[in-house]
Amino acid sequence: MEQWILKVALDTPLHTVFDYRWRQASGEAPPEIGQLVMVSFGRRDTMGLIVELATHSELPPDKLKDALELRRQLPPLSRQWLDLCAFAADYYQRPLGEVALPGLPKNLRAIKPTALDKALKALDKTPKPVAVRKTRKKAKAAVLADNASASVAPCAESPEAMAAPVHAAGLAAEAEDSAHAPDSTEHASGSELYFGVAPQLNPAQQDAADAIAEARGFTPLLLYGVTGSGKTEVYLQAAARILLRDLDPASGKLPPAQILILVPEINLTPQLEGNIRARFPNLEVVSLHSGLAEGERTRGWLAAHTGQARIVLGTRLAILASLPHLKLIVIDEEHDPSYKQQEGLRYSARDLAVWRAHQLSIPVVLGSATPSLETWQHAQAGRYRRLELRQRAAAQAVLPKVRVLDMERDKPNDGLTSTLVAAMRKRLERGEQSLLFLNRRGYAPVLACDACGWISNCPRCTAFMVLHKPERRLRCHHCSLELYIPKGCPTCGNIDLQPLGRGTQRVEEGLAAIFPEARVLRIDADSTRLKGSAQSAFDSVHRGEVDILIGTQMVAKGHDFKRLTLVGVLNPDTALFSHDYRASERLFAQLMQVAGRAGRAGPSEEGNPSEVLIQTRYPHHPLYGAVTRHDYDGFAGTLLDERRQAFLPPFMYQALLRAEARELDIALAFLQDAAHCLEHGGITINEPIPMTMTRVANVERAQLLIECESRPALQSFLKDWMQILRQMKTRARWSLEVDPVDI
DNA sequence: AGCACGCCGACT
DNA sequence: GTCGGCGTGCTC
């Protein structure tokens with residue numbers, strides 16, 4: 001009987017791995033790094049991940065517990081995947097277990113392995129790719145199927161396995177195995193079996209697809225293309241070439257390769273997923289996002305982990321999926337803020353994607369019409385290769401004409417200027433669709449009393465309660481508190497309370513009055529609360545059942561509305577004067593994106609071009625000028641100059657220490673202590689300040705900004721600093737965010 | 001983070 | 001007499 005010490009990572013905030021004893025019965029395979037293991041931890045049983053094997057422990061033997069059970073049926077997670085988690089844990093200053101374990105499907109971590117066993121069995125029986133035609137192709141499909149399922153075997157059984165190196169060897173052997181496909185006399189390419197009919201690329205798209213497909217080694221590429229320029233088609237054709245690279249023309253045997261495509265939102269995946277499935281009819285495509293049911297998620301994750309899934313489409317969480325044969329990563333709309341996780345492990349999926357591509361020496365494509373300044377700066381400096389699509393892909397489609405409407409000259413009624421109303425009326429007459437974009441849900445952001453000056457403050461937050469008229473409630477968007485709309489003013493009894501400002505509900509109400517005959521649909525987080533209702537709302541827009549669409553940023557992204565020829569932007573001005581230096585970058589991207597919803601199919605039948613009308617009180621603001629000219633380059637250049645002069649990212653690296661407590665002083669005192677507890681040459685530690693929204697749900701919050709020109713220097717400081725902070729005694733709750741996005 | 005233990009206030 | 005408040009201490 002042999003005895004092992006397993007070093008196990010657990011999902012706990014404790015920054016350590018835990019030692020467990022494992023007694024290996026004779027004839028039994030040894031444990032392996034990357035295996036999941038059930039252990040007793042404190043008073044409960046939980047799933048851990050073996051990150052290291054040893055023969056003895058530093059701990060006194062009476063403190064060691066026996067591990068309970070190895071999850072042998074699951075092929076171990078690879079060393080590369082563990083390295084990815086370890087990097088993320090290190091970079092974001094979180095324990096390894098907190099990075100590695102929560103991303104795994106719950107079924108893998110369940111105490112009873114029944115669901116896992118079931119999923120593994122189902123995976124084995126997945127309908128194999130079916131050949132479209134008979135004879136030779138059928139044979140190819142069969143070979144493909146064999147190849148796919150074969151990838152499970154070497155790790156799953158691993159009878160000869162001996163700890164870490166063996167697993168890597170297993171993968172290597174597998175790769176080699178597929179390279180040694182049997183020879184044959186036939187020389188057809190076989191690729192048509194896997195890649196459906198694809199549109200002809202225009203020359204710029206072709207160059208981009210070539211550059212991606214021909215890239216060797218770590219190659220970050222920025223695919224910079226205006227909305228509607230056909231970036232997706234470039235991804236798909238490049239993906240096809242990479243998947244089919246080294247396809248054995250004789251056997252039709254597909255080499256093991258996987259492609260990861262990330263998109264910002266779940267909303268957008270069904271449409272894209274359909275396109276991808278149609279294009280790759282005989283390849284397994286899975287999607288990974290938080291909206292999946294547990295069973296689906298387990299199945300998809302396993303298909304990725306075993307290499308069976310060739311294309312994985314997902315949201316940010318998919319960047320932490322196990323993908324043993326990853327050959328290309330695509331980040332669509334790379335500038336999108338939702339790639340940054342905003343709670344728990346605050347990682348940037350885009351940054352991890354670049355790291356992962358570097359680790360694997362593969363290309364990574366960052367696609368956007370309005371790249372993040374970080375990415376743009378990398379491209380300017382030549383670190384990322386820039387690929388450019390200047391024209392819209394649909395032959396006749398041109399960029400919409402953008403105009404700025406001065407609200408001082410053309411006073412709005414019900415929030416709409418007469419010019420915008422006239423433009424909408426024209427669309428109604430022509431049977432075309434209009435989209436109004438207003439990034440503020442609810443009826444009105446505040447309810448106020450004219451008589452005594454009362455306003456609808458949230459009792460628990462430093463924020464207003466928003467009037468929601470259809471629901472007949474006041475709602476706090478920060479703590480979710482809901483109150484009935486008071487009949488009269490709570491302080492003076494005045495019956496006549498006034499809604500101030502305008503949200504989507506109020507605009508919807510106004511539209512009904514102006515255009516009684518029009519079919520108006522509102523799409524925002526409130527109208528799409530129920531599962532599937534967002535999808536059905538978008539479907540009805542696509543079917544032409546809607547004349548006027550009013551919505552928040554939900555409507556700005558990705559959707560391809562064929563009959564939409566007018567976009568109206570209401571009240572974007574607040575972002576112009578925000579204290580967040582990223583606000584204008586975000587507003588510009590948002591305006592370009594929503595503008596891109598118009599005229600994707602080309603000019604209307606009568607040849608009328610599409611229009612984007614922006615209502616503003618600052619018609620001469622340079623940001624709007626840049627949007628009007630569709631001038632990302634110029635605007636980005638200006639912003640980068642400003643950032644360089646102000647010593648802001650991407651020319652500076654930042655981290656944010658946040659603290660919260662029932663009383664602000666406790667949070668501030670902690671930050672004050674933190675600021676002075678360690679020598680920090682070369683690092684700027686700013687003054688602790690209360691957050692703009694000081695109180696949320698009766699908790700007061702403050703923060704401390706740390707800056708450094710050198711990323712490694714910042715990293716090494718943070719590492720030492722966190723160690724000291726963890727030992728500090730405080731009543732404040734605190735957390736660190738590396739590379740914060742909103743400050 | 002869980003999940004315990006532990007010592008003080010209002011209820012059947 | 002008990003239910004339960006959250007302070008503090010530990011987890012291989």
Side-chain angles (χ1 to χ4, degrees), chain A residues 2-24 30-71 82 85-86 88-90 92-106 108-112 163-164 290 317 320 341-347 460 657-663 665-667 669-670 673 696-701 722-738:
Chain A
E2 243 180 305
Q3 182 170 294
W4 299 87
I5 298 300
L6 315 179
K7 305 265 178 188
V8 178
L10 297 170
D11 182 12
T12 144
L14 300 169
H15 286 249
T16 176
V17 291
F18 296 86
D19 290 2
Y20 285 88
R21 208 187 292 109
W22 178 257
R23 300 176 212 269
Q24 181 188 333
E32 286 182 65
I33 289 178
Q35 269 176 339
L36 293 183
V37 61
M38 183 61 68
V39 295
S40 150
F41 184 63
R43 253 140 286 245
R44 65 190 203 278
D45 292 352
T46 185
M47 193 62 85
L49 176 68
I50 303 179
V51 294
E52 214 183 310
L53 293 172
T55 47
H56 75 280
S57 171
E58 304 291 308
L59 249 78
D62 59 308
K63 282 206 135 188
L64 276 181
K65 284 182 181 175
D66 278 350
L68 303 175
E69 194 185 342
L70 289 174
R71 274 287 170 276
L82 286 170
C85 294
D90 220 49
Y92 294 109
Q93 310 292 334
R94 306 296 326 171
L96 176 57
E98 230 182 44
V99 178
L101 288 155
L104 303 177
K106 289 209 176 64
L108 305 203
R109 302 163 56 201
I111 295 179
K112 295 273 169 204
S290 58
L317 62 86
L320 289 172
Q341 170 104 33
Q342 283 301 2
E343 56 202 15
L345 175 74
R346 295 176 170 243
Y347 64 95
R460 310 198 305 199
L657 183 64
R658 291 181 223 268
E660 55 178 53
R662 288 307 269 273
E663 292 122 62
D665 286 349
I666 295 172
F670 165 76
D673 292 348
V696 168
N698 282 333
V699 176
E700 316 232 276
R701 311 159 331 145
M722 288 300 105
Q723 237 154 50
I724 298 170
L725 261 49
R726 275 178 217 125
Q727 279 153 31
M728 244 155 86
K729 250 176 98 74
T730 173
R731 288 173 57 211
R733 270 180 114 53
W734 60 272
S735 65
L736 182 80
E737 175 163 7
V738 182

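Keep in mind the model is a prediction, meaning the values are calculated, not measured. Note on naming: letters A, B, ... go to the chains in the order of the sequence lines (proteins, then strands), and numbering restarts at 1 for each one.
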Visitor: So what does A:Phe41 touch, heavy atoms closer than 4.0 Å: a base, only the sugar-phosphate, or nothing?
Guide: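 Here A:Phe41 touches the bases of the nucleic acid.
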
Visitor: Calculate the interatomic distance between A:Leu49 atom CG and C:dC12 atom P; express it in whole Å.
Guide: 17 Å

Visitor: Check this one for me: any side-chain N or O of A:Lys729 less than 4.0 Å away from OP1 or OP2 of C:dT8?
Guide: no

Visitor: Listing request: all side chain to side chain donor-acceptor pair (under 3.5 Å) pairs with a residue in residues 7-21 of chain A, at least two apart in sequence or in separate chains.
Guide: A:Lys7-A:Asp19, A:His15-A:Arg726, A:Asp19-A:Ser57, A:Arg21-A:Asp66

Visitor: Rounded to whole angstroms, how far apart are CG on A:Leu345 and P on B:dA1?
Guide: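 It is 14 Å, rounded to the nearest whole Å.
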
Visitor: Assign A:Ile5 to base, sugar-phosphate, or nothing according to its heavy-atom contacts below 4.0 angstrom with the strands shown.
Guide: nothing

Visitor: Starting from C1' on C:dC10, measure out to CZ on A:Phe18 and report it in whole angstrom.
Guide: 10 Å

Visitor: Quick one: label A:Thr16 by what it contacts on the DNA or RNA (base, sugar-phosphate, nothing), any heavy atom closer than 4.0 Å.
Guide: nothing

Visitor: Classify the nucleic acid contact of A:Arg44 as base, sugar-phosphate or nothing, counting any heavy atom under 4.0 Å across all strands shown.
Guide: sugar-phosphate

Visitor: Reckon A:Lys65 has a side-chain N or O less than 4.0 Å from the OP1 or OP2 of C:dC12?
Guide: yes

Visitor: Could you check whether the rings of A:Tyr92 and A:Tyr347 sit parallel, tilted or perpendicular, using 30° and 60° as the cut-offs?
Guide: perpendicular

Visitor: Identify whether any heavy atom of A:Leu59 sits under 4.0 Å from a base atom; if not, whether one sits that close to sugar-phosphate; answer base, sugar-phosphate or nothing.
Guide: base

Visitor: Would you kindly give the CZ-to-C1' distance between A:Arg109 and B:dA1, to the nearest whole Å?
Guide: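 For the pair A:Arg109 CZ and B:dA1 C1', the rounded distance is 13 Å.
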
Visitor: Out of A:Leu10, A:Ile111, A:Leu36, A:Leu108, which one pairs with A:Met47 under the side chain to side chain contact (heavy atoms under 4.5 Å, CB included) rule?
Guide: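 It is A:Leu36, the one option of A:Leu10, A:Ile111, A:Leu36, A:Leu108 that forms the side chain to side chain contact (heavy atoms under 4.5 Å, CB included) with A:Met47.
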
Visitor: Please report, rounded to the nearest Å, how far the C1' atom of B:dA1 is from the CD atom of A:Glu343.
Guide: 15 Å

Visitor: Between A:Asp45 (CG) and B:dA1 (P), how many Å, whole number?
Guide: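 It is 22 Å, rounded to the nearest whole Å.
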
Visitor: Categorize A:Arg731 for me: base, sugar-phosphate, or nothing, with a 4.0 angstrom heavy-atom threshold over every strand shown.
Guide: nothing

Visitor: Check whether any side-chain heavy atom of A:Leu96 lies under 4.5 Å from a side-chain heavy atom of A:Cys85, and answer yes or no.
Guide: yes

Visitor: Could you state the atom-to-atom distance from CG of A:Asp11 to P of B:dG2 in whole Å?
Guide: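 So the CG-P distance, A:Asp11 to B:dG2, works out to 8 Å.
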
Visitor: Provide, to the nearest angstrom, the distance between the CZ atom belonging to A:Arg94 and the C1' atom belonging to B:dA1.
Guide: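 To the nearest whole Å, that distance equals 10 Å.
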
Visitor: If you pin A:Arg43 and A:Pro13 to their nearest nucleotides in DNA chain B, which one's is more 5'?
Guide: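 The residue closer to the strand's 5' end, by nearest nucleotide, is A:Pro13.
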
Visitor: For A:Lys65, does the NZ atom sit with more than 12 other heavy atoms under 6.0 Å from it, leaving out its own atoms?
Guide: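 Correct, the count exceeds 12.
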
